[in-house]
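Lettering of chains follows the sequences in order, A, B, ..., and the numbering in each one begins at 1. Because the structure is a prediction, the values reported are computed rather than measured.
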Protein chains: 2
Amino acid sequence: MGPHLPHANSNGEPHPALKKNQKLVRDVLVASSAPLSAYSILDLLRDEGFRAPLQVYRALDKLMELGLVHKLESLNAFVACSHEACEVNEPAAFMICEVCESVRELGDIQLADHLGKLAANHNFALKHTTVELHGRCKNCA
Amino acid sequence: MGPHLPHANSNGEPHPALKKNQKLVRDVLVASSAPLSAYSILDLLRDEGFRAPLQVYRALDKLMELGLVHKLESLNAFVACSHEACEVNEPAAFMICEVCESVRELGDIQLADHLGKLAANHNFALKHTTVELHGRCKNCA
DNA sequence: AAATGATATGTAATAACATAACATTTTTGG
DNA sequence: CCAAAAATGTTATGTTATTACATATCATTT
Ligand SMILES: [Zn+2]
Ligand SMILES: [Zn+2]
Ligand SMILES: [Zn+2]
Ligand SMILES: [Zn+2]
């Protein structure tokens, strides 16, 4: 706890407020080509001092809140956001390859629109959508 | 094959081949207004002789294969199909109320179409889609 | 009827995913 | 500096799902 902290934000980081654990978790997700489970992340961060699942889940919760990470419900796994951060404008869909495990995050306006109208037609107040497409990617077809 | 098998289907059942456990599991799902976790189903079937999770999971696997039951990935829970059985024509989407836990299964052709084209545009061989809408239903808004 | 093979079921143990509860440290704002 | 708030560390526990192996049931073949 040095007296004269440089005190971040002098840099151009889009999300300067990330804490140590949050940054570590985000980094392993960004570096990974496939989605990672919370426990995989835990294993990858043992050397950085991680000991318990909660350290991972707490970081993930915050990162998801910031739109920097998304959860793939059908895999119980997590991916870094492909964009700067989705935040308000939610991701529309994920295409998940069952062979190479690659994930592509799509921001299809028309799809979001369609789902919005679908909900409206049923007087359903839409809060959050989960759209996950499983199959084989271009390379693995 | 056997000489004189009555060979089911003399009755009007859409899926005559259901085994005892499969029928029990299906019945509790049909009777439930909310989706049920596998362990809830297990508890509900203690009196019928169920003792272990696998009895439930095996029945669920078969029922899902037949299109009689669907899994809600975002809840880790299961619902009976609202139709006779989805089988080939997959369900398009589920609207899930966060208040009353009601689930409405939708078979929106246009949505299925849109997702199909989206996949095709990316040379993605689509096998299965998960679309789950979270929010508040008409009654709970 | 007896043997076979395929499917369904029973049971115990364990793996995988996630949260509760509480103590301690760090950060932040006055 | 100080108090409040946020983040972290740690243990224990809860929840969801699968592996492994034994047994039973039923249709076909001998
Ligand atoms: Zn995103
Ligand atoms: Zn692939
Ligand atoms: Zn259905
Ligand atoms: Zn409702």
Item to complete: Find the distance L42(A):CG to dT19(C):P and express it as a whole number of Å.
Response: 15 Å
Fill in: dA18(C) phosphate, OP1 or OP2, under 4.0 Å from K71(A) side-chain N/O
yes
Practice prompt. Provide, to the nearest angstrom, the distance between the CG atom belonging to L36(B) and the P atom belonging to dT15(D).
Written response: 15 Å
Worksheet item: Can you tell me how far the CG atom of L60(B) sits from the CD atom of Q22(B), to the nearest 0.5 Å?
Response: 10.0 Å
Fill in: L54(B), nearest nucleotide to its side chain (from dT9(C), dA18(C), dA20(D))
dA20(D)
Item to complete: Flag the pair L24(B) / V28(B) as yes when at least one side-chain heavy-atom distance between them is below 4.5 Å, and no otherwise.
Response: no
Practice prompt. Nearest whole angstrom, please: distance from the P of dA8(C) to the CG of D61(B).
Written response: 12 Å
Worksheet item: Parallel, tilted or perpendicular: which describes the rings of H128(B) and H134(A), with under 30° parallel and over 60° perpendicular?
Response: tilted
Discussion item. From the set dA17(D), dA18(C), dT9(C), return the single nucleotide nearest to any side-chain atom of Y39(A).
Written reply: dA18(C)
Worksheet item: OP1 or OP2 of dT28(C) less than 4.0 angstrom from a side-chain nitrogen or oxygen of K19(A), does that happen here?
Response: yes
Worksheet item: Expressed in angstrom and rounded to an integer, what is the separation of L60(A) atom CG from dA18(C) atom P?
Response: 9 Å
Discussion item. Let's see if you can work this out: which of dA21(C), dT16(D), dT8(D) has an atom nearest to the side-chain heavy atoms of N21(A)?
Written reply: dT8(D)
Worksheet entry | E132(A)-S74(A) side chain donor-acceptor pair, cut-off 3.5 Å | yes
Practice prompt. Please state how far atom CZ in R46(B) lies from atom C1' in dT11(C), giving the value in whole angstrom units.
Written response: 12 Å
Worksheet entry | Interatomic distance where CZ belongs to F50(A) and P belongs to dA7(D) [whole Å] | 14 Å
Item to complete: Select from A59(A) and P53(A) the residue whose nearest nucleotide in DNA chain D is closer to the 5' end of that strand.
Response: A59(A)
Worksheet item: Considering only dC17(C), dT16(D), dT18(D), which nucleotide approaches the side chain of N76(B) most closely?
Response: dT16(D)
Discussion item. Just by distance, no angles: are the side chains of Q110(A) and H114(B) close enough, under 3.5 Å, to form a donor-acceptor pair?
Written reply: no
Discussion item. Quick check for you: among dT9(C), dA17(D), dT8(D), whose closest atom lies nearest to any side-chain atom of Q22(B)?
Written reply: dT9(C)
Discussion item. Nearest whole Å is fine: how far is dA18(C) C1' from L75(B) CG?
Written reply: 15 Å
Worksheet item: Counting side-chain heavy atoms from C-beta on, which of dT19(C), dT8(D), dG10(C) comes nearest to Q55(B)?
Response: dG10(C)
Fill in: Interatomic distance, L72(A) CG vs dA18(C) C1' [rounded to whole Å]
17 Å
Worksheet entry | Selection from dT10(D), dT19(C), dT9(C) that lies nearest to any side-chain heavy atom of Y57(A) | dT19(C)
Worksheet item: Across the strands shown, which category fits K62(B) at heavy-atom distances under 4.0 angstrom: base, sugar-phosphate, nothing?
Response: nothing
